[in-house]
Amino acid sequence: MAGRRLALLLVAVAAAFLAGASGRRASDSARFPLLRLAAPASLADLARSDRQRMAFIASHGRRRTRETAAGSSASSAAAAFAMPLTSGAYTGIGQYFVRFRVGTPAQPFLLVADTGSDLTWVKCRRPASASAPANSSLSPADSGSGRAFRPEDSRTWAPISCASDTCTKSLPFSLATCPTPGSPCAYDYRYKDGSAARGTVGTESATIALSGREERKAKLKGLVLGCTSSYTDPSFEASDGVLSLGYSGISFASHAASRFGGRFSYCLVDHLSPRNATSYLTFGPNPAVSSSHASPSSCNAAAAPRARTTPLLLDRRMRPFYDVSLKAISVAGEFLKIPRAVWDVEAGGGVILDSGTSLTVLAKPAYRAVVAALSKELAGLPRVTMDPFEYCYNWTSPSGEDADVAVPKMAVHFAGAARLEPPGKSYVIDAAPGVKCIGLQEGPWPGISVIGNILQQEHLWEFDIKNRRLRFQRSRCTH
Ligand SMILES: *[C@@H]1O[C@H](CO)[C@@H](O)[C@H](O)[C@H]1NC(C)=O
Ligand SMILES: *[C@@H]1O[C@H](CO)[C@@H](O)[C@H](O)[C@H]1NC(C)=O
Ligand SMILES: *[C@@H]1O[C@H](CO)[C@@H](O)[C@H](O)[C@H]1NC(C)=O
């Protein structure tokens, strides 16, 4: 039953994405970049915002005591830090959660790791006097049994004022409301399914655990942090907020990577793993990412999976998403006939990698070709109906557990001859006891395709922002 509930929620997540992709609204924020394509003027604003944001972060960092600032000294330039990452399946959510400590003294939270957004926010609890007027259609952020950030208890919380350039120019999701110049900068961060998170932004420090011979704690300062006072979607109840891993001037990923080797990596455990199966989100060099060149000195070089490398396009129009150059998809060794435009941003297509999307979404021509090829290979199994999946199979066949071998091999071919060969369970997924479904979603065409977190599972992914490269390799994510 848990399996079924999860599957339905996963679909809800993907459906929300699809619904969002078609219903464009000018007020929507960064979650879907195609919105930004519609308004060229805002693109320029955005590029400018990014630079101002960077400048802001840099100057903010300088004002604070240098000696304790993480990554500010030459010796720590090559340092790394890691944060525990787990599947959120135990809550019924198709997301991965990261443990994050913010404020001084540090307050611990569990946030959704999302490469598709650029605002990091936590649910906030404010003294009653400081609360925004109640809106009965919204859930107050502190209504659940979960944790909430208390900005008043943090020495390092600094509200961003609504009259500041940061608020008016650098945060595309900030609201125009500004009763007095000293009032806090308010946001309305819209996700495309219509859900929203509202609150005020400030800067904060996060506590990180530096990797090394002995673990050392450090502060990462000047982070842009949203203090969410209300949100609309029940899916936000499972976590304490969102950690932004998108590529933008204000995201946590950009901020942390700029101080730690210009890169970050994560390994996603099987999405159905229990909550104690922990992997890591790492900033800086990750020794687990093997070199693309086989090391002759390594005695088991033949056995160790080598990382594949493909360009990370980082197209400005796609921000804050990570777009990649997909060349082809093959099923059972056969390359599928898919119009090249589907993979091409210039032609109305394009492909992004998103940790915050569960099921992979393929634009219609690609989806049709892939499900036709997969279903042809699975034609020997009895079909069952399981809304809203299109192709589901009764896997309780005489071959029983061995049926896993019947999943045809699918490979995703990226530029640079980088081939992703996900395990069968990543695209023919367990939807209910004894039932497997082709776990892909059809996206509109023209439109972007999204490689979701289930297709990314059991792989280590390194986003080398500095060198604009994406590396990935098979991994059980056990270290
Ligand atoms: C409350 O929120 C809804 C939906 O988000 C919005 O349409 C409405 O205008 C808000 N009402 C008030 C009084 O702010
Ligand atoms: C998780 O917990 C279960 C039982 O509670 C245990 O059997 C299993 O070994 C644990 N897994 C990990 C990765 O610690
Ligand atoms: C799958 O097939 C088995 C054996 O024929 C049957 O007992 C079971 O009810 C079927 N499951 C579904 C979900 O249709």
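Quick caveat: nothing in here was measured; it's all calculated off a predicted structure. Positions are given from 1, in the same order as the sequence printed here. Indexing begins at 1, ligand by ligand and atom by atom, following the structure's order.
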**Student:** Think Arg319 forms a cation-pi with Tyr247, using NZ or CZ under 6.0 Å from the six-ring centre and within 45 degrees of its axis?
**Tutor:**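 Output no; distance or angle outside limits.
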
**Student:** Which atoms of ligand 3 are found less than 4.0 Å from any heavy atom of Val384?
**Tutor:**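 Near Val384, meaning under 4.0 Å from one of its heavy atoms, ligand 3 has 14 (O).
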
**Student:** Give, for atom CG of Leu272 and atom CD1 of Ile429, the distance between the pair rounded to the nearest 0.5 Å.
**Tutor:**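 Between atom CG of Leu272 and atom CD1 of Ile429 there are 8.0 Å.
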
**Student:** Would you check ligand 2 and list the protein residues that come within less than 4.0 Å of it by any heavy atom, ordered by chain and number?
**Tutor:**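 Protein residues near ligand 2 are Asn276.
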
**Student:** Give me the atom names and distance for the closest heavy-atom approach of His255 to Gly222.
**Tutor:**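 Reported closest heavy-atom pair: CE1-O, 3.6 Å.
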
**Student:** Using a strict threshold of under 4.0 Å (side-chain N to carboxylate O), is an ion pair present between Glu442 and Arg368?
**Tutor:**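 Here Arg368 pairs with Glu442 in a salt bridge, since their nearest N and O are under 4.0 Å apart.
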
**Student:** Is a salt bridge present between Glu421 and Arg419, judged by a nitrogen-to-oxygen distance below 4.0 Å?
**Tutor:**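 Salt bridge flag = yes for Arg419 with Glu421.
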
**Student:** Indicate yes or no: does Glu458 engage Lys425 in a salt bridge with an N to O separation below 4.0 Å.
**Tutor:**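 Judged by the 4.0 Å cut-off on N to carboxylate O distance, Glu458 and Lys425 do form a salt bridge.
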
